[in-house]
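Structure, as structure tokens:
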Amino acid sequence: MRVAIASRIFDPEPSAASFRLGALATMLAEQGHEVSVLTVQPPASLADRSQDSERPYKVRRRPVLRDSSGYVRGYLPYLSFDIPLFFRVLFGPKVDAIVAEPPPTTGLAVRIAAALRRTPYIYYAADIWSDGAAQTGAASWVVQAVKGVELFALRGAATVLSVSDSLTSRLSTLGVRRNVLTVGNGVESTPFFLGIEGAESYRRSSPAEFVYAGTASEWHGATVFVEALPALLAKVPGARIRFIGSGSDFAAVEARAEELGVAHAVSAEPAMPPSDLAPVLRRATAALASIRPGLGNEFTFPTKLYASTLSGTPAIFAGVGPAVEFLQTELSGTPLGLAVDLDPAKVAEAMVMIANQDKDTEQRMRVAAWGLEHVSLTSVAEQIVAELERIAKR
């Protein structure tokens with residue numbers, strides 16, 4: 001079977017899409033299928049990390065526009081990938097199936113080009129983009145346009161891959177029912193999980209170091225962690241937060257730190273590949289994640305929490321959604337982390353609580369082992385491979 005994967009983001013750029021698509025490409029290749037990933041050139045800071053020649057599948061990269069934070073985000077950056085993608089699919093090698101990653105404009109380009117090539121495609125629905133547009137103050141015509149493009153991409157897919165039951169339910173309310181497969185989500189375990197032979201790596205850093213790793217946009221509300229810092233520093237001197245990744249709120253994080261006089265305890269760093277991020281997470285006092293309520297993304301799960309679990313690191317989540325229930329999971333009487341409202345005072349309390357906990361290396365190893373069994377992308381990739389094989393045969 002010959003499969004193409006179309007995505008505006010891919011390894012070495014760390015993201016949920018990079019993790020799940022990388023795991024899928026690897027599994028397809030390991031099972032003897034021919035895989036081509038149609039993606040973009042990585043940012044300059046990660047260009048030497050791509051290691052495409054060492055992969056068991058082909059990665060075909062093209063230049064793309066990026067926003068001021070270095071992320072492929074916004075209408076022009078999206079179109080700078082989607083328009084060339086249309087011609088790459090239309091005139092590229094014939095394949096048996098295509099896997100398309102959002103945004104909806106990518107789904108639009110793939111649907112039209114795939115129809116002309118008489119090729120089925122799968123659309124990976126990780127969230128509902130039109131819901132997000134409606135909650136960010138966009139003009140009504142923009143929201144309707146996004147919704148129209150998104151439904152066009154969803155309805156034309158041979159299969160829509162849903163990452164959660166709540167998302168599947170939302171798709172149903174939009175009239176997308178007949179072709180939805182709920183596969184779940186997770187992260188690729190290899191970079192993060194060490195096992196018992198790496199016990200020393202699970203010892204956390206001192207003084208307290210909190211790590212927010214991944215995208216920080218207006219959907220996340222990551223500035224709440226900076227706003228919690230003054231109260232944290234009053235009780236845990238020397239504590240700091242490392243923001244590692246990209247997104248529109250990274251500038252807001254730095255600006256808020258300056259306003260509150262805590263810039264010395266905050267660092268905003270470029271994205272790291274998983275192999276570099278993993279030891280940072282393993283040493284962290286806690287991993288941080290957030291989802292801002294009221295933006296129509298209450299069903300969204302931040303995959304940052306999967307990475308922290310595989311690293312054995314407790315997490316603090318601020319906001320709403322399925323992450324709350326996830327962190328309530330207990331191992332040996334201890335939850336995976338703490339979930340609180342998106343409120344600086346409550347976030348500070350949670351940070352102080354975890355900072356003052358004993359440095360329990362054995363508990364971290366238990367968490368990592370549990371994560372390997374429950375949040376690895378292996379089972380997700382297996383389901384998608386089986387679905388692709390079914391579609392190709394049909």
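We're numbering straight along the sequence, starting at 1.
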Does the pair D82 and Y75 meet the rule for a side-chain contact (heavy atoms from CB on, under 4.5 Å), with working shown? CA-CA 10 Å; D82 298 329; Y75 296 114; over 6 Å; no
Can you give me the closest heavy-atom contact between [X] and [Y], atom names plus distance?
X	Y	value
L116	F86	CD1-CZ, 4.2 Å
P230	V262	CG-CG1, 4.1 Å
R111	R155	NH1-C, 4.2 Å
V367	L331	CA-CD1, 3.7 Å
E13	P42	OE2-CA, 4.1 Å
R364	T285	NH2-O, 3.2 Å

Assess whether side-chain hydrogen bond (donor to acceptor under 3.5 Å, both in side chains) is satisfied between S172 and R177, documenting all intermediate values. CA-CA 5 Å; S172 179; R177 304 182 186 92; 3.1 Å; yes
Between [X] (side chain) and [Y] (backbone), is there a donor-acceptor pair under 3.5 Å?
X	Y	value
S164	L167	yes
T313	A287	no
T105	Y78	no
K94	R117	yes
R8	P102	yes
R240	A265	no
Y124	A17	no
S169	D165	no
T309	L305	yes
T39	S7	yes

Could you give me the CA-CA distance, side-chain angles and deciding distance for V72 and D67, then say whether side-chain contact (heavy atoms from CB on, under 4.5 Å) is met? CA-CA 6 Å; V72 184; D67 65 12; over 6 Å; no
Determine whether S217 and T215 satisfy the following criterion, side-chain hydrogen bond (donor to acceptor under 3.5 Å, both in side chains), listing intermediate values before the conclusion. CA-CA 6 Å; S217 71; T215 304; over 6 Å; no
For the residue pair F326 and W370, does the interplanar ring angle fall in the parallel (under 30°), tilted (30 to 60°) or perpendicular (over 60°) class? tilted
Mind telling me whether F87 and F91 have parallel, tilted or perpendicular rings, with 30° and 60° as the class edges? parallel
To the nearest 0.5 Å, how far apart are [atom1] in [X] and [atom2] in [Y]?
X	Y	atom1	atom2	result
S80	L85	OG	CG	11.0 Å
L21	T26	CG	OG1	10.5 Å
T223	E227	OG1	CD	4.5 Å

Steps toward salt bridge (Lys or Arg N to Asp or Glu O under 4.0 Å) verdict (R283, E209): CA-CA 8 Å; R283 292 192 301 268; E209 181 175 278; 5.8 Å; no
Counting neighbours of CD on E325 that are heavy atoms of other residues, nucleotides or ligands and sit closer than 6.0 Å, is the number greater than 12? no
Using a 6.0 Å cut-off, check whether atom CD of E362 has over 12 heavy atoms from anything other than its own residue. no
Does the pair R20 and V380 meet the rule for a side-chain contact (heavy atoms from CB on, under 4.5 Å), with working shown? CA-CA 8 Å; R20 61 176 176 252; V380 176; 5.8 Å; no
Tell me, please, which residues at least two apart from [X] pass side chain to side chain contact (heavy atoms under 4.5 Å, CB included).
X	value
Q31	M27, H33, V385, E389
D96	M1, R2, A392
K235	V352

Can you tell whether the side chains of [X] and [Y] come within less than 4.0 Å, N to carboxylate O?
X	Y	answer
K346	E349	no
E269	R242	yes
R390	E387	yes

Taking only residues two or more places apart in sequence, or in another chain, which ones meet [X] in a ring pair (Phe, Tyr, Trp, His ring centres under 6.0 Å)?
X	value
F225	none
Y123	none
Y57	none

Side chains of S18 and D11: do they bring a donor and an acceptor to under 3.5 Å? no
Show your working on side-chain contact (heavy atoms from CB on, under 4.5 Å) between S290 and Y212 and close with a plain yes or no. CA-CA 9 Å; S290 56; Y212 182 105; 4.0 Å; yes
